[in-house]
2 protein chains.
Amino acid sequence: MNDEDNTPARRTRRGSGAVTLHDVARLAGVAPITASRALNTPGQVSKALLEKVNDAVARTGYVPNRMAGGLASARSRLVAALVPTISGPVFMETVRSLNEALAAQGYQLMLGQSGYADSREDALLDAIISRRPDGIVLTGIMHSPEGRKRLLAAGIPVVETWDLTPTPIDMLVGFSHVDVGRAVVDFLYARGRRRLAVIAGDDERSKRRQQAFQAAAHAAGLGEVAVVIVPAPTTLKSGRSALLQLLQTSPGLDAVFCSSDLLALGVMTEAQWRGIKVPEQLAVLGFGDLEFAADLQPALTSVRIDGMAIGRQAAQFIVDRAEGRPVDTRVVDVGFSIVPRDST
Amino acid sequence: MNDEDNTPARRTRRGSGAVTLHDVARLAGVAPITASRALNTPGQVSKALLEKVNDAVARTGYVPNRMAGGLASARSRLVAALVPTISGPVFMETVRSLNEALAAQGYQLMLGQSGYADSREDALLDAIISRRPDGIVLTGIMHSPEGRKRLLAAGIPVVETWDLTPTPIDMLVGFSHVDVGRAVVDFLYARGRRRLAVIAGDDERSKRRQQAFQAAAHAAGLGEVAVVIVPAPTTLKSGRSALLQLLQTSPGLDAVFCSSDLLALGVMTEAQWRGIKVPEQLAVLGFGDLEFAADLQPALTSVRIDGMAIGRQAAQFIVDRAEGRPVDTRVVDVGFSIVPRDST
DNA sequence: ATGAAAGCGCTAACAA
DNA sequence: TTGTTAGCGCTTTCAT
């Protein structure tokens, strides 16, 4: 019966039971907002106060509730990344460096798997938008008009990656797959290869490289380019069987461009098994330059993409935007390089 | 001045500007809570009302704000996964199936990278706890007392995975690394191998397998087991150089157990390069049974872990707990199997 | 440098 | 079946 207990039928709604900023503030003998400032903008607060609050935090084991903070400030410090498949090695470097760069600046990464096929993508987008992330990183370009519309409507900064397009939704960091296809033809041509083949995953970017490859080979006056399309995600196994298929349909090949290093490893494995000498009889070129490429026997020539740089730049874009820093550029082309090794 | 607007100094605080449940409710001509029910528990509202609300949602493009929902309901529908490294292939299957199982039930996955070394882990834990996830999945066991304390204090359901321990924090789904080490010795012994070696990553679980392997070999009356420890994460390259080292220090080996398939591929690559016949002269056994293992030449014998089952079970544990379903078990041993192939 | 008031967008608790 | 009220835990705005 201490005081003012004439409240009418008190509604109780106990929260999570966790320590709140209120508890910390009470223990420190200050107002909640002051405790908040001590934690978020320590420069604005007197030294003595800072100490009291930090002490109270340590004693209570307080961990802020960022759902509440995000709701109040309209800044979630959450970033979403959409990848075609979580277990594929290709984008993992990007996701890792993205995560590291974000974590270092107090942002948390959410992962969404879109699948190589664009089914169900709308539901995934809604699930992500409903968290109000401060940014969304797409591996690849968003093509579906519905998806673009939803992203635009949500007003969330978007970074498309691993590709270039003249019509990005917002920001873009990638490279030209068409240029890759061309460059690989040049590379092989310069090394005397004339009977070229491609093994490509059936995802959109691989096919773009493959088509550019064919066009460039044609332009160079080379004969028909043999093509095998394999389902994405690509595997060692599909590399093996694709080579088999090529050997049957187009004997006399002297070079194969594979749309992934795993595919290339499959080709090399099958070639070796059949007694086909790499590179003497057959040059093999991969894509992605995964860590193992350099250490294969023979070492695999591969198209190197700096996936870490892509992740870092994407993080930079989003954090800059979230912190309200002015942006000079919205598009970064990280390029690519062909790392020549023994397989060609 | 102008008129009798005696509202006391209206404080304005415009939100994100996005469509809110209020807007939807107003458009549908109902109370906000009713719109909320139409969306979350459609079974509780009349058919006509449901239609009106859905219509309003479609017309406004409303996407719920789950930060607000989570704050109000103390259920974030967010799950955090901690992995030692994002680009490692081993846990990716688990993360993928975890994500798929969670997404199917309306939960979102957050990723955190703990690193194989336990530095900075506390900060990461706080970052995660501050989001108030409905569950935390650890790949591996949480050993640091400080980490255990924080997790316990947070009161968030925890699933430790990929290992067994008599003292789990909460829930557990894994298998015995000690049993793996023993089983591999039995397997090799039964195939007539007597001069055994191990190549192990320097992470805790690999070392546990390696030690059990050594102990079992000793118990079986085999001579000294040659051991090479390589830094985690393991690579093809370290497999190659580890074999080199073994050949120099312990010639006459007839079997190598590698703590990852990538390591095993490195061993096979180096062996082939040096003209050592696998399996005739040297049996090679991997761990993880990654997709490529079966398609190598020779096909790689490997310890198969059902990483997808681990992810699914972890998701099940957490969702059951979040939905308040009774839990019968807290520990699941998914076991393992040795898949015999040509390399042994 | 510190505090009071208000409200972010939603749902639990209590009516009717 | 639908509505009213009161917060969830934090930060913005405004005042001192």
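All chains are named by letter (A, B, ...) in the order of the sequence lines, taking the proteins before the strands, and each is independently numbered beginning at 1.
- Other residues, nucleotides and ligands place more than 12 heavy atoms under 6.0 Å from the CD atom of Gln105(A).
- Protein atom CD of Gln44(B) is 12 Å distant from nucleotide atom C1' of dT11(C), rounded to whole Å.
- When distances are taken from the side chain of Thr20(A) to each of dG9(D), dT12(D), dG9(C), the shortest belongs to dG9(D).
- In the set dT11(C), dC10(D), dG3(D), the nucleotide with an atom closest to the side chain of Ala31(B) is dG3(D).
- Protein atom CG of Asn65(B) is 18 Å distant from nucleotide atom P of dG7(C), rounded to whole Å.
- In terms of polar N and O atoms assigned as donor or acceptor, the side chain of Arg66(B) never comes within less than 3.5 Å of the base of dG9(C) in a complementary pairing.
- Of the listed nucleotides (dA12(C), dG3(C), dT11(D)), dA12(C) has the atom at the smallest distance from the side chain of Ser73(B).
- Following rounding to the nearest Å, Ile33(A) (CD1) and dG9(D) (C1') show an atom-to-atom distance of 12 Å.
- Note on Arg321(A) versus Asp134(A): no salt bridge recorded, every NZ/NE/NH1/NH2 to OD/OE distance being 4.0 Å or above.
- Candidate nucleotides dC10(D), dT2(D), dG3(C) were compared by shortest atom distance to the side chain of Ala68(A), and dC10(D) ranks first.
- In this structure, the nucleotide among dT11(D), dG7(D), dA13(C) sitting nearest to the side chain of Ala72(B) is dG7(D).
- In this entry the distance linking NE2 of His22(A) with C1' of dG3(C) reads 12 Å, nearest Å.
- Straight-line distance from the CZ atom of Arg37(B) to the P atom of dT11(C): 11 Å, rounded to whole Å.
- If you check every strand for non-hydrogen atoms under 4.0 Å, Pro32(B) touches nothing.
- Atom CD1 in Ile129(B) sits about 16 Å away from atom P in dG9(D), given to the nearest Å.
- When the P atom of dT11(C) is taken as reference, atom CG of Leu21(B) falls 6 Å away, rounded to whole Å.
- Note that CD1 of Ile86(A) is 10.5 Å distant from CD of Glu93(B), once rounded to the nearest 0.5 Å.
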Practice item. Decide yes or no on salt bridge (charged side-chain N to carboxylate O under 4.0 Å, His left out) for Glu323(B) and Arg75(B), but give the supporting numbers first. Key: CA-CA 10 Å; Glu323(B) 321 261 327; Arg75(B) 286 192 48 201; 3.6 Å; yes
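- In the interface, the side chain of Arg132(B) is not paired with the base of dG9(D) through any donor and acceptor atom under 3.5 Å apart.
- Atom-to-atom, CG of Leu71(A) to P of dG7(C) comes out at 14 Å; the value is rounded to the nearest Å.
- OP1 or OP2 of dT11(D) sits under 4.0 Å from a side-chain N or O of Ser36(A).
- Listed pair Ser46(B) / dT2(D) meets the phosphate criterion, a side-chain N or O lying under 4.0 Å from OP1 or OP2.
- Counting heavy atoms from C-beta on, the side chains of Asn65(B) and Arg132(A) come closer than 4.5 Å.
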